[in-house]
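Residue numbers run from 1 in the order of the sequence given.
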Amino acid sequence: MARRPAPPSPSRGPAAGGSDRPARPAGSARRSAAGTRSVDVREWTGGIRLSTFAVIMLSLVILGTWVLVPSIGTYLDQRQKIAALEQSVQLTKEQIAELEQERVRWDDPAYITTQARERLYYIKPGAVVYLVDNDLDPADIPPEQREVSDEIRERPSDWMPQLLRSLTAAGLAKNAIEAPAD
């Protein structure tokens, strides 16, 4: 597309500017009092020509974008929901498979007998059951607690190492409860 030459900028005559300088050529840049270069906008926009076809096509592109952007957002949102639901279906299928395996186990009479013996302490008639109390290792049984004194003693020491030792001992202690003596 051929560019047409920009129209000449209006010349400043003695009446307009008060100086006798000749008019500048159309393509030259002007310098202001601050030393910055100003651009003649008419020169820049003079080369742009829009045909009716170009304006119609540009407006169709803008209209298409305006119409399609919400649809694309809705599509992406629906795809995310579908992916989440597919994952939920997969988890449900896994849970169903686990429950079916457990149902198969409960169909076995030996499994039922074992569960009744372990959970409910049921026994068959004539069987002898031995229940062992205090079957813990003596090292796991906590020592007897000393009686708490009524007097307050102040001991000069740094409290931070004691706190750390206490937290470490509590975190590493084995939980064992001694059965009450009858």
Side-chain angles (χ1 to χ4, degrees), residues 1-120 122 159-177:
M1 180 186 228
R3 292 182 66 173
R4 65 182 165 141
S9 55
S11 63
R12 292 173 39 178
S19 71
D20 294 337
R21 283 190 253 155
R24 293 186 186 150
S28 66
R30 297 183 186 147
R31 296 202 182 265
S32 65
T36 60
R37 184 175 169 191
S38 64
V39 177
D40 189 10
V41 176
R42 288 175 292 174
E43 180 180 329
W44 180 73
T45 58
I48 298 175
R49 289 192 306 172
L50 291 176
S51 65
T52 306
F53 178 75
V55 170
I56 290 173
M57 293 309 291
L58 183 62
S59 64
L60 285 176
V61 167
I62 292 172
L63 179 66
T65 304
W66 185 66
V67 168
L68 290 179
V69 165
S71 300
I72 292 171
T74 303
Y75 172 76
L76 294 176
D77 185 42
Q78 288 176 349
R79 291 305 306 168
Q80 287 178 344
K81 288 180 182 178
I82 288 171
L85 290 173
E86 286 174 348
Q87 185 179 9
S88 173
V89 166
Q90 182 63 30
L91 289 174
T92 305
K93 285 181 180 179
E94 291 172 2
Q95 290 174 347
I96 289 172
E98 290 173 5
L99 290 173
E100 286 177 352
Q101 288 176 354
E102 186 161 340
R103 184 178 54 90
V104 168
R105 280 190 301 226
W106 279 101
D107 287 340
D108 183 17
Y111 182 76
I112 293 173
T113 304
T114 304
Q115 292 299 316
R117 194 176 303 134
E118 288 178 1
R119 292 184 185 182
L120 305 174
Y122 284 181
W159 61 271
M160 183 58 89
Q162 288 181 350
L163 175 67
L164 292 175
R165 278 193 300 272
S166 174
L167 288 174
T168 305
L172 297 176
K174 294 182 181 178
N175 293 336
I177 300 173

- For residues 49-106, the ring-ring contact (aromatic ring centres under 6.0 Å, His included) pairs (sequence neighbours left out) are Trp106-Tyr111
- For Pro70, which residues count as a side-chain contact (heavy atoms from CB on, under 4.5 Å) partner, sequence neighbours excluded? none
- Quick one: CD on Gln80 to CG on Leu85, what's the gap to the nearest 0.5 Å? 12.0 Å
- Reported CD1-to-CG distance for the pair Ile96 and Leu91, which is rounded to 0.5 angstrom: 11.0 Å
- Item | CD/Glu94: more than 12 non-hydrogen atoms of other groups inside 6.0 Å | yes
- Verify, without hydrogens or angle tests, whether Ser88 (side chain) and Ala84 (backbone) share a donor-acceptor contact under 3.5 angstrom. no
- Task: Kindly compute the distance separating OG1 (Thr113) from CG (Asp108), expressed to the nearest 0.5 Å.
- Result: 8.5 Å
- Task: Name all residues meeting the salt bridge (Lys or Arg N to Asp or Glu O under 4.0 Å) criterion together with Arg105; count only those two or more places apart in sequence or in a different chain, and write none if there are none.
- Result: Glu102
- Note on the structure: Residue set satisfying side-chain contact (heavy atoms from CB on, under 4.5 Å) with Thr65, at least two apart, ordered chain then number -> Val61, Val69
- Contacts of Glu118 meeting side-chain contact (heavy atoms from CB on, under 4.5 Å) (sequence neighbours excluded), chain-then-number -> Thr114, Gln115
- Message: Give me each pair satisfying salt bridge (charged side-chain N to carboxylate O under 4.0 Å, His left out) with a member in residues 74-83, each pair once, sequence neighbours excluded.
- Response: Asp77-Lys81
